[in-house]
There are 2 protein chains.
Amino acid sequence: MPRTATDAETRIASDDHAAIRLWLRMLATNRLIETRMRRLLQERYETTLPRFDLMAQLERVPGGLKMGELSRRMMVTGGNVTGITDMLEQEGLVERVDDPDDRRAWLVKLTPAGRRAFVGMAREHERWIVEALGALGAREMSVMAGFLGRLKTRARSLEGRDT
Amino acid sequence: MPRTATDAETRIASDDHAAIRLWLRMLATNRLIETRMRRLLQERYETTLPRFDLMAQLERVPGGLKMGELSRRMMVTGGNVTGITDMLEQEGLVERVDDPDDRRAWLVKLTPAGRRAFVGMAREHERWIVEALGALGAREMSVMAGFLGRLKTRARSLEGRDT
DNA sequence: GGTAATTACTTGACATGTCAATAATATAGC
DNA sequence: GCTATATTATTGACATGTCAAGTAATTACC
């Protein structure tokens, strides 16, 4: 029995493709960091990652965003955005305002309380991320960002046609 | 307004830390590829990513794995493993067998039908991954795997102490 | 060997995610 | 302007994920 940690990457035989190993490592790394962020957000602010994400999207757009815009930016379905917005609205952190240009649509905005709550969280969240990614230097981060950019482009183009 | 696609990475001001930008890009890339895999698994095999993951863990261990082992390897909670195993058991793809060494525990194994189903899926899944990660060459994959390895190690050590 | 602490799993409550169906409104085309 | 189509958001059904509490069995310890 190896003594190394046993996780999602485990048990990949050496003849498996390098791409598979890389993908599993991406999954495991993301999950580790994401789980940590969830836990910290819960412990320190009694909130969750999706709520934080939604507020982060709104924070830079004082005029608010339509549900569909939120959905696209958060890369989740509209139904999901409806649910999270409902929660945040109940908590008084965001508000739905009628879109004057489209009576089907809402503009979702941070309330003053929401903005106050967000800025504190965001500062600390940034520290957590800097800490978590601190294993890489600036140059390495830049190289990795380049790789990821190419993977993103590829993934998008794959969704275009249907292979 | 830039003409680039609007997604989870959007609207990060240039003064934000490189680590944040990298993290958001990791999230977006993972989500894009993962969503594609979910869709393909659903379309071609009427199954889901967590079911596939659980079966993948079992495939290399003919003797089966305990629920707790599955939980650790899949990096999800035990309650979650119970639910997914229930589904797969109903579908006849895995079975719970009494662990002869521990009467509290189960050994979860692929049924013959489960193994048959898995090998077909796995082959195609590997093609999908190779295709999705094809934007990177072998050397680049190896560099990226190294970066991710360091991020994983860091994340684990952060969970050790409590910063 | 008997009790206390730990471990393995299940359960129930709930948040988050998907999808498909629906209602309301906008838009395009004639 | 009317109609057909597309877009915006909500809803409900369901899968997946968390956590905390509960049960049963094992292990540690005196």
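In the text below, chain A, chain B and the rest are named by the order of the sequence lines, each starting its count at 1.
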note = From CG of Leu41(A) across to C1' of dT18(D) the rounded distance in Å is 14 Å
task = Scan Gly68(B) against the nucleic acid and name what it touches under 4.0 Å (heavy atoms): base, sugar-phosphate only, or nothing.
result = sugar-phosphate
task = With the side chain of Arg96(B) defined as its heavy atoms from C-beta on, choose the nearest nucleotide among dT10(C), dT16(C), dT16(D).
result = dT10(C)
task = From the options Leu70(B), Val81(B), Ile84(B), Leu65(B), select the one residue that forms a side-chain contact (heavy atoms from CB on, under 4.5 Å) with Val108(B).
result = Leu70(B)
query = Out of dA15(D), dC9(C), dT26(D), which nucleotide sits closest to the side chain of Thr48(B)?
reply = dA15(D)
Rounded distance in Å - CZ (Arg103(B)) to C1' (dT26(D)) = 10 Å
inquiry  = Can you measure Met37(B) atom CE to dT16(D) atom C1' for me and round it to whole angstrom units?
reply    = 19 Å
inquiry  = Taking only side-chain N and O atoms of Thr82(A), does any of them lie within less than 4.0 angstrom of OP1 or OP2 on dT11(D)?
reply    = no
message = Using a strict threshold of under 4.0 Å (side-chain N to carboxylate O), is an ion pair present between Glu34(A) and Arg31(A)?
response = no
inquiry  = Using whole Å, what does the distance between atom P of nucleotide dA15(D) and atom CZ of Arg51(B) come to?
reply    = 7 Å
request  = Take atom CD of Glu46(A) and atom C1' of dC19(D), then tell me their distance rounded to the nearest Å.
outcome  = 14 Å
note = Between Met87(B) and Gly79(B), whichever has its closest DNA chain D nucleotide further toward 5' is Met87(B)
request  = For a ring pair (Phe, Tyr, Trp, His ring centres under 6.0 Å) with His125(A), tell me which candidate from Phe118(A), Phe52(A), Tyr45(A) qualifies.
outcome  = Phe52(A)
inquiry  = Distance check needed: dA9(D) C1' versus Glu89(A) CD, whole Å only.
reply    = 13 Å
request  = Take atom CD1 of Ile84(A) and atom P of dT11(D), then tell me their distance rounded to the nearest Å.
outcome  = 15 Å
ask   = Roughly, in whole Å, what's the span from CH2 in Trp106(A) to C1' in dA23(C)?
value = 14 Å
note = By nearest-nucleotide position on DNA chain C, the 5'-leaning member of Asp101(A) and Arg38(A) is Arg38(A)
message = Check this for me: does any side-chain nitrogen of one of Glu159(A) and Arg156(A) sit under 4.0 Å from a carboxylate oxygen of the other?
response = no
ask   = For Arg31(A) and dT16(D), is the shortest distance between a side-chain N/O and OP1 or OP2 below 4.0 Å?
value = no
key: Minimal non-hydrogen separation, Gly64(B) against Leu107(B), with atom names   = O-CD2, 4.1 Å
note = Side-chain atoms of Asn80(A) come closest, of dG17(C), dC19(D), dT10(D), to dG17(C)
remark   = Sorted by position of nearest nucleotide on DNA chain C, 5' first, the leading residue of Asp102(A) and Val76(A) is Val76(A)
key: Check: dT26(D) base within 3.5 Å donor-acceptor of Arg104(B) side chain   = no
key: Under 4.0 angstrom between Thr77(B) side-chain N/O and dT18(D) OP1 or OP2   = yes
